[in-house]
Amino acid sequence: MRDQFTDFYVRLRKREGFEFDTWGYNICIHAFGCWGDLPLCLSLFDEMKAKSLGTGSFGPDLCTYNSLIHAICSAGKVKDALIVLEEMKGSGHDPDAFSYRILIQGCSKSYRIEDALRIFAEMQCNGFLPDVIVYNSLLDGLFKARRVGDACNVFEKMVRDGVRSTCWTYNIIIDGLFRNERVEGAYTMFHNLKKKGNFVDGITYSIVALQLCKEGHLQEALSLVQEMEARGFKVDLVTITSLLIGFFKHGWWDGTDTLMKHLRDINLVPAVLKWKTELESRMNALQSKSKDGTRMFESGGNISEFVKLMSPALAESEDFSGGDSDEWSSSPHMDRLASMAQSNSYVLPLFSLSRGQRVQERGADSFDIDMVNTFLSLFLAKGKLSLACKLFEIFHDAGIDHTSYTYNSIMSSFVKKGYFDEAWGILHEMGEHVCPADIGTYNVIIQGLGKMGRADLADTILDRLTKHGGYLDVTMYNTLINVLGKAGRVDEACELFEQMTAKAGISPDVVTFNTLIEVHSKAGRLKDAYKFLKMMLEAGCSPNHVTDTILDFLGKEMEKTRYKKASIIRDADEDNPD
DNA sequence: CTAGGGTTAG
């Protein structure tokens, strides 16, 4: 579709004397925006404005602005999109429901939850009623920012205002409750919805089955999937992936066969298994290249290169402000973006808002990248690194399209085991590749930098990321807090915690608290550790098994100091017998 | 606008 459109577009432009009108431009900006070609959108916008100056027509309208804002958001530059919104208002175009919806989606997806809430309020002030999609986006954003309470309030408001929930709404809520440790609530909601008959679909089942797998209730997950199938919902690759990973992680080796027996009437599992057999035989045919013994990343020699690779779009570009902007222009920021697009300094997004493409079942014989990912995840989950490497080689040789998803999982395994050279190689490959790295990639990189003892670099990268419109999610914050804390930069870790909660509006979760308690305990700051434990309980965040281990350590440390204190007092007493 | 990868302890 994209190729055909581009083809058509190119031919149109080559035709002599052909001119787009506003509609023509709008259609192109919308289309290329959807396909992630922001530079092209910006230059079209530029052209459009130049033409309208000369002729007095063909100028951008509200629709143009909305398409552009959408394009900027999908390229991950939500911060810029917010500025363009303001400029748009200034140039006499009042935002409509579409403008607000696009921005609320963008903000919610990129963890700018405060901005999302602000625009949500503004939208209503200007007399627009948010629809289900707006509510769904906002709810998802709130749950991802760990703001369960606010999410519940928003949902209540939604019901109060008479906006009808859809399946998606409930899926977002159930998934959100699971992610926020409100497991019981989510199960209850699922069962109630099922009783009512409506409001559950295949994705609901998939979400619940994944949770059951995570908790190790594999048998239950299996029967749920059976029920899912019996009710006519398609058991797709995502669901199968969840189950298979669950089986492997819990060492239930027969699970796959059981799954086969349990599911009738679908060809997906047999297809996957057939694929797996073929894969294994191809892997056996390959000579084994022992990758598991690679050395750790040595010396800091490649560090600067590392940083450059991390921020391809940042290396060359200077400050966004200043420049040769026309102060009479109604949209100086837009102009700057457009001129930057021309000078190639704004081309690569830090990471796009859309993740890897979703799975669609194709023919039984198709080996798509998602299947590769499925198995890669399985091997990596079991720590079978060399197997995963071979798999990686195979699809690399076959020229299969990579997604950052694949790179992330294999890289994360390397980083975890300390094979930084390998991770380095993967990074290089990603740099050359068209697919944008996503936030997961950055997360793994920062984790690796921390393990290399380069917390300072992690810090620098964080700085650049935030300055240039990237975003941080909970996982990223948690990783960074951990890296800084482990490097002994406890104060900076605390600052980051402050930034996360106060500025970004993201609530800490179990992992955040565990990390903070651990870091402070190890640094001997027992009082602070205790403070975070208290904060955790007051926030209604229930401890998990990791907390237990950390608290054991904290308890022992406290015991030690108490003992020390006691002995100091005793010594003092002996010195001054009164 | 939702689900499978990336974060914490030993």
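Heavy atoms only: backbone and side chains are in, while hydrogens, waters and symmetry mates are out.
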Can you identify which nucleotide, out of [options], has its nearest atom closest to the [X] side chain?
| X | options | value |
| --- | --- | --- |
| A:V511 | B:dT8, B:dG4, B:dC1 | B:dT8 |
| A:N136 | B:dC1, B:dT7, B:dA3 | B:dC1 |
| A:S242 | B:dT2, B:dG4, B:dG6 | B:dG4 |
| A:E518 | B:dT8, B:dT7, B:dC1 | B:dT8 |
| A:S137 | B:dC1, B:dT7, B:dT2 | B:dC1 |

Please report the distance, rounded to the nearest Å, between [atom1] in [X] and [atom2] in [N].
| X | N | atom1 | atom2 | result |
| --- | --- | --- | --- | --- |
| A:L103 | B:dC1 | CG | P | 14 Å |
| A:I517 | B:dT7 | CD1 | P | 20 Å |
| A:F120 | B:dC1 | CZ | C1' | 14 Å |
| A:N478 | B:dG6 | CG | C1' | 12 Å |
| A:M228 | B:dA3 | CE | P | 15 Å |
| A:Q211 | B:dA3 | CD | P | 14 Å |
| A:D552 | B:dG10 | CG | P | 11 Å |
| A:I207 | B:dC1 | CD1 | P | 15 Å |

Taken in chain and number order and not counting sequence neighbours, the residues that satisfy salt bridge (Lys or Arg N to Asp or Glu O under 4.0 Å) with A:E220 are none
Which residues satisfy the salt bridge (Lys or Arg N to Asp or Glu O under 4.0 Å) test with A:D552, sequence neighbours excluded?
none
Face-to-face stacking of A:W168 with B:dC1, centres under 5.5 angstrom, angle under 30°:
yes
Position toward the 5' end of DNA chain B (nearest nucleotide), A:K214 or A:R146
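First, find each residue's nearest nucleotide; the 5'-ward one identifies A:K214.
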Counting the atoms with a prime plus P, OP1 and OP2 as sugar-phosphate, which does A:T479 contact under 4.0 Å by heavy atoms, base, sugar-phosphate, or nothing?
sugar-phosphate
Base, sugar-phosphate, or nothing: which does A:I172 touch, judged by heavy atoms less than 4.0 Å apart?
sugar-phosphate
Within the 4.5 Å heavy-atom criterion, are A:I173 and A:T169 side-chain neighbours or not?
yes
Is A:E114 paired with A:R147 through a side-chain N to carboxylate O contact shorter than 4.0 Å?
yes
Does [X] make a side-chain N or O approach to OP1 or OP2 of [N] shorter than 4.0 Å?
| X | N | result |
| --- | --- | --- |
| A:K522 | B:dG10 | yes |
| A:R179 | B:dA3 | yes |
| A:K416 | B:dT7 | yes |
| A:K144 | B:dA3 | yes |

How would you list, by chain and number, every residue that makes a side chain to side chain contact (heavy atoms under 4.5 Å, CB included) with A:D115, sequence neighbours excluded?
A:L82, A:C107, A:R112, A:R118
Sorted by chain and number, sequence neighbours left out, side chain to side chain contact (heavy atoms under 4.5 Å, CB included) with A:N180 holds for A:F143, A:R146, A:V148
Only distances under 3.5 Å count here; give the side-chain donor-acceptor pairs of residues 531-541 of chain A to other protein atoms, sequence neighbours excluded, each with its distance to 0.1 Å.
none

Identify the two heavy atoms, one from A:L222 and one from A:F247, that lie closest to each other, and give their separation to 0.1 Å.
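Of all heavy-atom pairs spanning A:L222 and A:F247, the closest is CG-CZ, 4.2 Å.
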I'd like to know if A:D236 reaches the base of B:dG4 with its side chain, counting only an N/O donor and acceptor under 3.5 Å.
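Counting by modelled atom types and ignoring angles, no donor-acceptor contact under 3.5 Å is found here.
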Please give me every residue in residues 531-550 of chain A whose heavy atoms get under 4.0 Å of an atom in DNA chain B, ordered by residue number.
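A:H545, A:V546, A:T549, A:I550 - these, ordered by number, are the residues of the stretch whose heavy atoms sit under 4.0 Å from the strand.
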